[in-house]
Amino acid sequence: MSAPVLAAYSYCETVTGQQARNFAYGIRLLPTPKRRAMSALYAFSRRVDDIGDGTLAPDVKGARLDETRALLTRVRDGAVAEDDTDPVAVALSHAARHFPIPLGGLDELIDGVLMDVRGETYETWEDLKVYCRCVAGAIGRLSLGVFGTEPGALHAERAPEYADTLGLALQLTNILRDVREDALEGRTYLPADDLAKFGCSSGFSRPEPPAGSDFAGLVHFEVRRARALFAEGYRLLPMLDRRSGACVAAMAGIYRRLLDRIEREPEAVLRGRVSLPGREKAYVAVRGLSGLDTRSVSRGTVRRRT
């Protein structure tokens with residue numbers, strides 16, 4: 001590997017370590033080539049997310065996303081030289097040459113962020129799933145391109161489906177965790193018909209539930225939906241090699257524990273961001289490396305809580 005490529009990967013790993021919080025705990029468990037490739041995917045995805053989350057005017061954000069899509073086209077076409085001045089493009093190009101990464105998933109991510117830029121809202125869960133598949137299911141499928149499946153793994157043809165579903169589970173957990181933060185930024189992700197069902201259509205601009213609402217009922221309803229997605233997505237684990245499975249189990253396990261906390265105290269998400277302490281994340285990572293979750297899925301005994 002040339003010095004420019006090594007430097008590009010080093011840059012992406014720095015970005016991941018500084019900004020990826022939960023994600024970083026999982027990819028530490030991967031062998032070096034896969035860890036580097038995942039950091040390149042993260043760094044590119046982070047660039048897209050930062051455009052969407054920034055303070056630029058919508059038309060400027062749209063132009064920046066168009067530029068990022070053009071860069072992705074250069075990566076896809078093999079038109080990025082190793083001495084290119086953009087380290088993320090260099091690292092992603094190298095990763096795409098060495099792993100069967102479905103780069104179209106990054107186009108989907110850009111599409112999803114454009115939905116944010118346009119301020120789209122979602123009437124039903126089916127509508128919200130389209131968005132979640134763009135911004136999270138696609139990341140699951142991109143990651144699977146790095147992980148690969150074990151030779152002879154049963155039902156390996158369904159691995160992309162399970163990776164996509166696990167991405168949806170993580171994104172729905174994110175939406176629940178960030179419901180107050182998103183409301184303060186003028187964003188609503190939870191489906192309008194769910195909000196109406198539980199008397200929450202007025203939104204979450206205050207640090208307490210809307211008057212007369214069943215906010216806890218809404219949260220528990222969405223938690224059950226997320227748990228069903230986790231249960232389906234966890235079927236991916238036995239299809240992966242030990243360290244890739246550990247990475248996925250660690251990342252998913254952190255979010256499942258977040259879901260547990262949200263379920264126990266629904267109103268906490270209105271007061272601030274719910275998070276796990278570092279020691280608990282480390283425990284989940286060790287548990288993933290031990291293969292406990294993979295064995296549980298293989299036996300059909302994966303528990304409600306990790």
Side-chain angles (χ1 to χ4, degrees), residues 19-21 23 42 44-72 104-142 164 167-211 213 215 218-219 221-223 225-226 229 255 258 262 266-267 269-274:
Q19 302 186 46
R21 288 182 289 192
F23 185 82
Y42 177 84
F44 188 93
S45 301
R46 184 74 194 195
R47 179 178 295 181
V48 175
D49 286 340
D50 284 348
I51 294 171
D53 291 338
T55 58
L56 298 171
D59 59 333
V60 179
K61 288 183 178 182
R64 293 284 179 86
L65 289 170
D66 286 343
E67 292 169 4
T68 307
R69 200 187 297 273
L71 176 62
L72 178 60
L106 292 171
D107 276 305
E108 293 180 56
L109 174 62
I110 295 171
D111 291 340
V113 172
L114 281 169
M115 295 167 77
D116 281 336
V117 172
R118 293 192 296 265
E120 294 192 18
T121 55
Y122 308 96
E123 289 297 316
T124 67
W125 167 237
E126 291 302 314
D127 296 332
L128 180 58
K129 276 201 296 188
V130 174
Y131 169 77
C132 291
R133 286 213 158 95
C134 286
V135 299
I139 301 301
R141 286 177 269 118
L142 286 158
D164 183 277
L168 264 64
L170 270 60
Q171 186 62 24
L172 183 54
T173 303
N174 266 336
I175 288 170
L176 287 172
R177 181 195 64 187
D178 297 340
V179 66
R180 165 84 169 151
E181 183 178 318
D182 289 332
L184 293 175
E185 294 178 357
R187 294 178 179 175
T188 300
Y189 291 102
L190 290 175
D193 59 0
D194 292 354
L195 296 175
K197 183 187 304 181
F198 293 95
C200 295
S201 296
S202 60
F204 309 107
S205 59
R206 299 174 62 83
E208 61 269 342
S213 69
F215 180 72
L218 171 67
V219 170
F221 178 80
E222 303 296 349
V223 165
R225 175 175 278 157
L229 293 168
Y255 279 86
L258 281 174
I262 293 168
E267 292 186 20
V269 300
L270 297 178
R271 297 192 294 268
R273 173 171 287 207
V274 178

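What's counted below: heavy atoms across the whole structure, side chains too, no hydrogens, waters or symmetry copies.
- Among all heavy-atom pairs drawn from R271 and P207, the shortest one is CG-O, 4.1 Å.
- Residues L142 and L106 have side chains in contact (heavy-atom distance under 4.5 Å, counting atoms from C-beta outward).
- Proximity of L195 to F204: side-chain heavy atoms (C-beta onward) are separated by under 4.5 Å at one or more points.
- Applying side chain to side chain contact (heavy atoms under 4.5 Å, CB included) to Q171 and the options L176, V135, I139, L229 leaves one that passes, V135.
- In terms of heavy atoms, R225 sits closest to P191 at NH1-CG, 4.4 Å.
- Taking a 6.0 Å sphere around CZ of R118, one finds it holds more than 12 heavy atoms contributed by other residues, nucleotides or ligands.
- In this structure, the side chains of T68 and F44 come closer than 4.5 Å at one or more pairs of heavy atoms.
- Residues V113 and I51 have side chains not in contact (no heavy-atom distance under 4.5 Å, counting atoms from C-beta outward).
- In this structure, the separation between CD on E222 and CG on D194 is 4.5 Å, given to the nearest 0.5 Å.
- Residues that satisfy the side chain to side chain contact (heavy atoms under 4.5 Å, CB included) test with V269, not counting sequence neighbours, are V179, F215, I262, V274.
- Take T173 and apply the side chain to side chain contact (heavy atoms under 4.5 Å, CB included) test, not counting sequence neighbours, and it matches A226, F230, Y255, L258, L259.
- The pair E181-R273 meets the salt-bridge criterion, since a charged nitrogen lies less than 4.0 angstrom from a carboxylate oxygen.
- Minimum heavy-atom separation, S205 to L184: O-CD2, 4.1 Å.
- Remark: K129 does not engage D164 in a salt bridge, criterion side-chain N to carboxylate O under 4.0 Å.
- Using a 4.0 Å cut-off between a side-chain N of Lys or Arg and a carboxylate O of Asp or Glu, R64 and D50 do not qualify as a salt bridge.
- Taking CZ from R47 and CG from L65, the interatomic distance works out to 11.5 Å, rounded to the nearest 0.5 Å.
- With respect to R133, the side chain to side chain contact (heavy atoms under 4.5 Å, CB included) criterion is satisfied by exactly one of L168, L128, D111: L168.
- Here the closest non-hydrogen pair linking D107 and R69 is OD1-NH1, 3.1 Å.
- Side-chain atoms of D182 and T188, non-hydrogen and from C-beta on, never get closer than 4.5 Å to each other.
- Atom CZ of R180 is surrounded by more than 12 heavy atoms from other residues, nucleotides or ligands within 6.0 Å.
- Side-chain contact between I175 and C132 is present, with at least one heavy-atom pair separated by less than 4.5 Å.
- Between K61 and G54, the closest heavy-atom pair is NZ-O, 2.8 Å.
- Proximity of L109 to D49: side-chain heavy atoms (C-beta onward) are separated by under 4.5 Å at one or more points.
- Closest of all the heavy-atom pairs between G199 and P210 is O-CB, 4.1 Å.
- Applying the ring pair (Phe, Tyr, Trp, His ring centres under 6.0 Å) test to pairs two or more places apart or on separate chains, those with a residue in residues 170-197 are Y131-Y189.
- Separating the CD atom in E123 from the CG atom in D193 is a distance of 7.0 Å, to the nearest 0.5 Å.
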